Visitor: 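One structure is given below, represented as structure tokens, and several questions about it will come after.
Computed from a prediction, not measured in an experiment: that's the story for all the values here. Whatever order the structure lists them in is the order used to number ligands and atoms, beginning at 1.
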Amino acid sequence: MRPTIGITCSLSVSVADSSGGRVYENNVLGLDYTRAVEQAGGFPVILPTLAVGESMHEYFERIDGLLLSGGIDMDPLLYGEEPHLQMGGIDVLRDQLEMALTRGSVERSLPIFAICRGIQVLNVALGGTLYQDISQHDSPILKHRQNSPKWHGSHTVDIVPHTLLSTIIGQTEWRVNSFHHQAVKQVAPGFRASAHSKDGIIEAIESIEQPFVLGVQFHPEMMWEKEPAAMNLFKTFVEACRVT
Ligand code: MN
């Protein structure tokens, strides 16, 4: 059987004018995530945003690996900071669920692949901090919110040699897409940075203790059809999730 990959999702809130202003709240996940996991040989399952509690252990009975997907900002109080003027919207319920899923996966030695907001959740859940807006970074900052097509590699990253990421990508310089205004500041204990953009922003982190706990600030699920190395990330993750 294919490994079951649990993918977290976003909350979308909309108001339908035609129904007298009824408010709709939906679990939403981009098709790119499920397509990439399926293409890599995994069985994708979207994890609904439930309250943290009794259902937590049931998530872990059903998944072989955790994929933390992209989305809006995290509550900065979770890493001990007051909200900066440039921070965006947050989703308190999603923060709680993803923090619990991340810590639970690490306790159970489940592989984790974390994308965009996901790398930020991974880092904060395990004791790291974030730049609430990359303008807070010391050195001049490049454009990390591209206007080009979603698959386009708009900036370069330097990949640290002899890391999990360098093994998967097979080169030390790589062009990636970029859709973020926050980034990892202090790397969580037990992790190391494995890629940086040319302005010094951390673009990937990985566990130095577990075989596959990897976060990337870019979006490989939008790149793989043009860039085979991006699919290697998903394939290596799904292989790590295969129950032996
Ligand atoms: Mn970037």
Visitor: Side chains of His155 and Asp199: is there a donor and an acceptor less than 3.5 Å apart?
Guide: no
Visitor: Please name the residue in the list Glu98, Gln217, His180 that meets the side chain to side chain donor-acceptor pair (under 3.5 Å) test with Arg117.
Guide: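 For Arg117, the side chain to side chain donor-acceptor pair (under 3.5 Å) check succeeds only for Glu98.
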Visitor: Can an N, O or S atom be found in Ser178 less than 2.8 Å away from the Mn ion (ligand 1)?
Guide: yes
Visitor: Which atom name does Glu203 have for its N/O/S atom nearest to the Mn ion (ligand 1)?
Guide: OE2
Visitor: Taking the six-membered ring for Trp, are His219 and Phe179 parallel (under 30°), tilted (30 to 60°) or perpendicular (over 60°)?
Guide: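 Because their plane-to-plane angle is over 60°, the rings of His219 and Phe179 count as perpendicular.
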Visitor: Tell me which N, O or S atom from His144 is the closest to the Mn ion (ligand 1).
Guide: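 It is ND1 of His144.
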Visitor: Tell me whether Lys198 is salt-bridged to Asp158, with the criterion being a basic N under 4.0 Å from an acidic carboxylate O.
Guide: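 Salt bridge present between Lys198 and Asp158.
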